[in-house]
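See structure below.
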Amino acid sequence: MTDHTFDTAAWAEMDVFNQMGNIGSEVGRALNAKRQGKIDRSQSAFYRGLDLIDETAQLWADKNKPGLRELLYARELFAESVITDKVDPTLEAYFMQFAIAARLNNSH
């Protein structure tokens, strides 16, 4: 979707908490930039977030992992929150839970 690149092999090796936590970082960046009126920054983070979600969705679909429907629903809410004035107030908190879990798992 965008011209930014990331290591898809390394991404595939991450656990769900790290993948979702990283997606959440882009979600937060996009929504914060939108609130601040920084449209270019919001759009860049939005596209990076969509790229990460799409890569994750493909990985999960290929491995028949549970949670794909939930991930695609979060993608829909993310897009709606960035593109329209209807921002889901729970979206950032949803992804933050994964970031916290990733941090706890990585600290051991």
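FYI, the numbering just counts along the sequence from 1.
For Arg35 and Glu92, the salt-bridge test passes: some basic side-chain N is under 4.0 Å from an acidic carboxylate O.
Both Ile53 and Tyr73 belong to a single network of hydrophobic side chains, linked directly or stepwise wherever heavy atoms of I, L, V, M, F, W or Y lie under 4.5 Å apart. Residues Leu104 and Met96 share a single hydrophobic cluster, defined by chaining ILVMFWY side chains whose heavy atoms lie under 4.5 Å apart.
When the shell of 6.0 Å around CG of Asp85 is examined, it contains 12 or fewer heavy atoms from other residues, nucleotides or ligands.
Note that the CG atom of Leu71 and the CE atom of Met20 stand 5.0 Å from one another [nearest 0.5 Å]. Taken from CZ in Phe46 to CG in Leu50, the straight-line distance is 4.0 Å, to the nearest 0.5 Å. The CG atom of Asp54 sits 11.0 Å away from atom CG of Leu59, with the distance rounded to the nearest 0.5 Å. Distance check: Ile100 CD1 to Gln97 CD gives 7.0 Å after rounding to the nearest 0.5 Å.
Between Phe17 and Phe98, the ring planes are tilted. Angles from 30° to 60° get that label.
Evaluated for a side-chain hydrogen bond (donor to acceptor under 3.5 Å, both in side chains) with Trp60, the options Gln19, Glu70, Glu55 yield exactly one hit, Gln19.
A donor-acceptor pair under 3.5 Å links the side-chain atoms of Ser44 to the main chain of Asp40, judged by distance alone.
In summary, the side chains of Gln58 and Asp62 do present a donor paired with an acceptor at a separation below 3.5 Å, with no hydrogens or angles considered.
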Test side-chain contact (heavy atoms from CB on, under 4.5 Å) on Met14 and Asn22 and set out the steps.
CA-CA 10 Å; Met14 286 184 182; Asn22 279 285; 4.0 Å; yes
Quick one: do Ile23 and Phe78 satisfy side-chain contact (heavy atoms from CB on, under 4.5 Å)? Show the steps, please.
CA-CA 10 Å; Ile23 291 167; Phe78 176 44; over 6 Å; no
Does Leu77 form a side-chain contact (heavy atoms from CB on, under 4.5 Å) with Glu80? I'd like the steps, not just the answer.
CA-CA 5 Å; Leu77 292 176; Glu80 183 177 62; 4.1 Å; yes
For Val27 and Tyr94, run side-chain contact (heavy atoms from CB on, under 4.5 Å): C-alpha distance rounded to whole Å, both residues' side-chain angles, the deciding distance at 0.1 Å, then the answer.
CA-CA 10 Å; Val27 168; Tyr94 168 76; over 6 Å; no
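Contact between Ala30 and Ser42 at its shortest, heavy atoms only, is O-OG, 2.9 Å. For Val82 against Lys34, the heavy-atom pair with the smallest separation is O-NZ, 3.4 Å. In this structure, Leu91 and Ser81 approach most closely via the heavy-atom pair CD2-OG, 4.0 Å.
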